[in-house]
A.B. asks: 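The structure under discussion is supplied below as structure tokens; questions concerning it will follow.
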Amino acid sequence: MRTLFRNGRIVNVFTDTVQKTNVLIEGGRIIGVGAYTEEDADRVEDIGGKVICPGLIDGHIHIESTMLSPAEFVRACLPHGTTTVIADPHEIANVSGLYGIGYMIEVSRKLPMSVYYTVPSCVPATEFDESGGVLNAQDIAVLFSDPHVIGLGEMMNFPGVIAGVPAVTDKINAAHGAGKLINGHAPMITGKDLDRYIAAGIFDDHECSTMAEATERLNKGQWIMIRQGTAARNLDALLPLFEEPVSRRCLLVTDDKHPADLLYNGHIDSIIRQAVQKGAPVLTAVRMATLQAAQRFGLSDLGAIAPGYQADFLILDELETMKVRDVYRHGEKVVDDGRITDFEDPQVRPDIWKAVRNSVMLRKQDRTMFHIEPGHGPCRVIQVIPDQLITRERRIELDFSRNNGVNTENDIIKLAVIERHVDSGHIGLGYINGLGIRKGAIASSVSHDSHNLIVAGVSDEDMAVAANHIREIGGGLAVVRDGEVLADMPLPIAGLMGLGNASEIAEQNRKVREAAAELGSAPGIEPFMNLAFVSLPVIPDIKMTTQGLVDVNAWKRVPLFVNR
């Protein structure tokens with residue numbers, strides 16, 4: 001059947017113009033744009049002068065980080081105009097290995113959104129991590145045969161790439177051998193090291209937090225993914241990238257975004273709105289979020305309203321505010337006047353479901369687990385940075401005669417990362433600065449990338465209560481004060497995703513964030529999202545793992561006390 005969409009204004013991403021014209025579709029594809037009439041179609045829809053925009057594409061996201069199942073993620077994002085995502089399932093792969101990846105791919109096949117995957121390149125992320133899954137080059141090569149897989153996920157082990165470590169180069173060679181692209185992740189790497197990293201065939205990066213970083217990478221041929229998520233918000237620093245000619249080598253991504261933000265603020269549409277409010281041309285922002293994302297990933301029939309392209313498009317009330325009315329995917333209406341059309345949740349094999357539902361293998365904790373023996377010299381304290389994933393090392397003399405080194409007046413509280421995949425009993429202990437928490441404790445089974453149990457708090461007693469509550473609910477988030485659980489967010493799918501609908505999970509997310517704020521909060525800090533990255537030893541400067549502190553720049557473990 002041929003359908004004519006007439007009296008619309010299409011966003012032409014090839015010429016950065018808005019043109020009043022008609023669009024003819026058939027069989028899920030656009031077959032004509034121009035002076036078509038009712039005689040050319042079996043069915044006619046009058047757009048009434050509204051805007052027809054290509055469907056939005058998120059070029060780099062971890063669906064697990066939304067804490068929603070893939071089906072609920074789609075329900076949350078389709079009304080915001082996202083019709084395609086490039087997802088890296090390395091969160092669930094680090095918990096459940098090949099079973100986790102199998103879960104994500106299997107449930108995505110029949111969803112009303114195009115979900116492409118990149119195979120996780122770093123499971124575990126580094127040799128400092130203890131993960132629940134391990135992927136080698138042979139595993140990766142097998143996964144490349146799946147039509148939903150279009151590349152190798154972000155290569156976070158940049159020291160391994162630069163040094164030519166065989167286990168790393170084997171994965172890169174597997175991608176090249178299968179004709180797959182490779183995503184980058186090399187924060188703050190410059191000069192000759194950056195040259196070696198890019199020369200491995202890694203032609204994009206989403207970790208730029210300054211224009212100096214972005215400019216060097218653009219000059220060396222990389223695509224720049226402008227990231228604006230929940231914790232990492234790089235849009236302000238990278239606004240000059242919306243100018244010509246550099247804008248044509250950029251795309252928009254969220255990377256990690258919490259469900260409350262998705263539901264209440266939006267997805268890629270939100271980044272476009274924010275950019276426009278800050279002075280960026282709306283047509284440039286739309287082009288980044290459509291055509292250029294498709295170009296980077298070789299999706300040659302996505303990202304535009306033009307003959308031969310897939311009929312994924314939006315009907316907008318307003319272009320500048322990206323107010324989405326209707327969404328079409330493969331020519332079928334999947335969002336009608338802001339309301340998503342219903343679809344059934346896909347089912348998965350019983351063995352896969354069992355593997356992702358039993359992921360918290362943890363003994364009961366007690367307060368003594370969190371005691372830190374005083375040492376000699378200053379302590380290495382992890383300082384979180386507002387709106388960033390990077391952390392700084394502070395060296396501070398702590399008073400161990402008061403609360404075992406905790407000093408809420410100076411915003412220094414205790415930090416623990418506990419192995420939760422095989423119950424090894426391994427625990428990394430230290431201190432963190434910058435969260436703003438002045439009482440109680442928070443705990444989460446979401447801690448990148450190995451997703452062990454991470455706890456931060458003022459008292460050992462509350463830290464133990466928070467840790468045990470996560471154990472009892474099979475994974476998730478919890479806020480504790482004076483021995484009482486103020487709020488929780490169960491995430492029984494790999495300790496990463498919830499079972500409820502998007503609205504329910506977003507509401508749980510809102511409540512735990514509000515409860516965490518009651519304990520105290522610092523400007524620009526979202527405690528759970530920032531805490532989740534404190535254990536990721538591939539982002540400078542210093543991180544905490546189950547084995548203790550890691551100096552990312554020196555690529556080695558370091559003791560808590562400087563002079564020990």
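Predicted, not measured: the structure shown is a model, and the values here were computed from it. Values below: all heavy atoms of this structure, side chains included; hydrogens, waters and symmetry mates excluded.
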A.B. asks: To the nearest 0.5 Å, tell me how far I385 CD1 sits from I525 CD1.
C.D. replies: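 If I round to the nearest 0.5 Å, the distance is 8.0 Å.
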A.B. asks: If every non-hydrogen atom of G59 is compared with every non-hydrogen atom of L251, which pair is closest and at what distance?
C.D. replies: CA-CD1, 4.0 Å
A.B. asks: Between I202 and Q222, is a side-chain contact (heavy atoms from CB on, under 4.5 Å) present by the stated rule, with each step listed?
C.D. replies: CA-CA 8 Å; I202 304 172; Q222 281 196 315; 4.3 Å; yes
A.B. asks: Between D345 and R75, does any NZ, NE, NH1 or NH2 come within less than 4.0 Å of an OD or OE carboxylate oxygen?
C.D. replies: yes
A.B. asks: Please tell me if the side chains of I418 and F370 come closer than 4.5 Å, counting only heavy atoms from C-beta onward.
C.D. replies: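 Sidechains of F370 and I418: in contact.
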A.B. asks: Check the orientation of W555 and F158. Use parallel for under 30°, tilted for 30 to 60°, and perpendicular for over 60°.
C.D. replies: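 Tilted: the ring planes of W555 and F158 meet at 30° to 60°.
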A.B. asks: Can you measure from NE2 (H206) to CD1 (I226) and round to the nearest 0.5 angstrom?
C.D. replies: 13.5 Å
A.B. asks: Using a distance-only test with no angle check, is there a side-chain donor-acceptor pair under 3.5 angstrom linking T230 and H258?
C.D. replies: no
A.B. asks: Between Q228 and N234 (side chain of the first, backbone of the second, donor and acceptor by atom type, cut-off under 3.5 Å), is there such a pair?
C.D. replies: yes
A.B. asks: Taking the basic N atoms (NZ, or NE/NH1/NH2) and the acidic carboxylate oxygens, is any pair closer than 4.0 Å for D193 and R196?
C.D. replies: yes
A.B. asks: Spell out, as yes or no, whether a donor-acceptor pair under 3.5 Å connects the side chain of N509 to the backbone of I505.
C.D. replies: no
A.B. asks: Between the side chain of S447 and the main-chain N/O of N452, is any donor-acceptor distance below 3.5 Å?
C.D. replies: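 Yes, S447 side chain to N452 backbone: donor-acceptor pair under 3.5 Å.
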A.B. asks: Given side chain to side chain donor-acceptor pair (under 3.5 Å), test H60 with D255 step by step and report yes or no.
C.D. replies: CA-CA 5 Å; H60 179 69; D255 196 3; 3.2 Å; yes
A.B. asks: Between R420 and T546, do the side chains contain a donor N or O and an acceptor N or O under 3.5 Å apart?
C.D. replies: no
A.B. asks: Is it true that the NZ or CZ of R349 lies under 6.0 Å from the centre of Y99's six-membered ring and within 45 degrees of the ring axis?
C.D. replies: no
A.B. asks: Is it true that a side-chain atom of Y117 and a backbone atom of D146 form a donor plus acceptor pair closer than 3.5 Å?
C.D. replies: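 No, because the side chain of Y117 does not come within donor-acceptor range (under 3.5 Å) of the backbone of D146.
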A.B. asks: Roughly how far, to the nearest 0.5 Å, is CD of E91 from CG of L496?
C.D. replies: 7.0 Å
A.B. asks: Could you check whether atom NZ of K220 has more than 12 heavy atoms from other residues, nucleotides or ligands sitting under 6.0 Å from it?
C.D. replies: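 Atom NZ in K220 is packed in, count exceeds 12.
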A.B. asks: Answer whether the closest heavy-atom distance between the side chains of S270 and H80 falls below 4.5 Å.
C.D. replies: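 When only atoms from C-beta onward are counted, H80 and S270 do not touch, as no gap falls below 4.5 Å.
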A.B. asks: Can you check whether L299 reaches I86 side chain to side chain, under 4.5 Å on heavy atoms?
C.D. replies: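 Answer yes - side chains close enough.
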A.B. asks: Using side-chain contact (heavy atoms from CB on, under 4.5 Å), reason through E72 and T66 one step at a time and then give a plain yes or no.
C.D. replies: CA-CA 10 Å; E72 287 304 314; T66 68; over 6 Å; no
A.B. asks: Donor-acceptor pair, distance only, cut-off 3.5 Å: does the side chain of R287 make one with the backbone of Q292?
C.D. replies: no
A.B. asks: So which atom in I101 and which in P120 form the shortest heavy-atom distance, rounded to 0.1 Å?
C.D. replies: CD1-CD, 3.8 Å
A.B. asks: Under 3.5 Å, side chain of E419 to main-chain N/O of H421, donor-acceptor pair present?
C.D. replies: yes
A.B. asks: What is the distance from atom OG of S96 to atom CG of N358, rounded to the nearest 0.5 Å?
C.D. replies: 9.5 Å
A.B. asks: Tell me which donor-acceptor pairs under 3.5 Å the side chains of residues 530-540 have, and how far apart each pair is, sequence neighbours excluded?
C.D. replies:
{"residue": "N530", "atom": "OD1", "partner": "E526", "partner atom": "N", "Å": "3.0"}
{"residue": "S535", "atom": "OG", "partner": "H448", "partner atom": "O", "Å": "3.0"}

A.B. asks: Do the non-hydrogen side-chain atoms of T391 and V552 ever get within less than 4.5 Å of each other?
C.D. replies: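 Counting from C-beta outward, T391 and V552 never come under 4.5 Å.
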A.B. asks: How many angstroms lie between NE2 in H90 and NE2 in H185, if you round to the nearest 0.5 Å?
C.D. replies: 8.5 Å
A.B. asks: D58 vs V253, test: side-chain contact (heavy atoms from CB on, under 4.5 Å). Steps then yes/no.
C.D. replies: CA-CA 5 Å; D58 189 336; V253 305; 3.6 Å; yes
A.B. asks: Kindly indicate whether the side chain of Y431, heavy atoms from C-beta on, has any atom under 4.5 Å from the side chain of R394.
C.D. replies: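 No; the side chains remain at least 4.5 Å from each other.
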A.B. asks: Donor-acceptor pair, K257 side chain versus G266 backbone, under 3.5 Å?
C.D. replies: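 Indeed, once roles are kept as given, a pair shorter than 3.5 Å links the two residues.
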A.B. asks: Looking at every heavy atom in both M463 and A416, which two are closest together, and how far apart are they?
C.D. replies: CE-CB, 4.1 Å
A.B. asks: Is any side-chain heavy atom of L291 closer than 4.5 Å to a side-chain heavy atom of F14?
C.D. replies: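 Touching, per the 4.5 Å side-chain cut-off.
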A.B. asks: A side-chain contact here means heavy atoms from C-beta on lying under 4.5 Å apart; do F242 and C250 qualify?
C.D. replies: no
A.B. asks: Return the minimal non-hydrogen interatomic distance between C379 and F561, and the atom names on each side.
C.D. replies: SG-CE2, 3.2 Å
A.B. asks: Could you give me the CA-CA distance, side-chain angles and deciding distance for N94 and H451, then say whether side chain to side chain donor-acceptor pair (under 3.5 Å) is met?
C.D. replies: CA-CA 7 Å; N94 270 281; H451 296 292; over 6 Å; no
A.B. asks: Between D541 and R392, is the closest basic N to carboxylate O distance under 4.0 Å?
C.D. replies: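 Yes, R392 and D541 are salt-bridged.
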A.B. asks: Of all residues at least two apart in sequence or in a different chain, which pass the side-chain contact (heavy atoms from CB on, under 4.5 Å) check with R29?
C.D. replies: D301, Q310
A.B. asks: Check for a donor-acceptor pair, side chain of E213 on one end and backbone N or O of P187 on the other, with a separation under 3.5 Å.
C.D. replies: no
A.B. asks: Is there a donor-acceptor pair closer than 3.5 Å between any side-chain N or O of S121 and the backbone N or O of E154?
C.D. replies: yes
A.B. asks: Provide the closest heavy-atom pair for L453 versus A467 in the form atom of the first, atom of the second, distance.
C.D. replies: CD2-CB, 3.7 Å
A.B. asks: As a quick check of understanding, evaluate side-chain contact (heavy atoms from CB on, under 4.5 Å) for V115 and H148, giving each step before the final call.
C.D. replies: CA-CA 7 Å; V115 182; H148 288 79; 5.8 Å; no
A.B. asks: Using modelled atom types only, decide if a donor and an acceptor are shared between the side chain of K171 and the backbone of I140 within a distance under 3.5 Å.
C.D. replies: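 Flag not set: sc K171 to bb I140 has no pair under 3.5 Å.
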A.B. asks: Taking all non-hydrogen atoms of both residues, which atom of P70 and which atom of Y103 are closest, and how far apart?
C.D. replies: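 Taking P70 first and Y103 second, the nearest heavy atoms are CD-OH, 3.8 Å.
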A.B. asks: Hey, what do you get for CD1 (I372) to NZ (K414), rounding to the nearest 0.5 Å?
C.D. replies: 5.0 Å
A.B. asks: Do M489 and P259 come close enough that some side-chain heavy atom pair is under 4.5 Å?
C.D. replies: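 M489 reaches P259 side chain to side chain.
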A.B. asks: If you count heavy atoms of other groups shown closer than 6.0 angstrom to CD of E344, is the number above 12?
C.D. replies: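 12 or below, so no.
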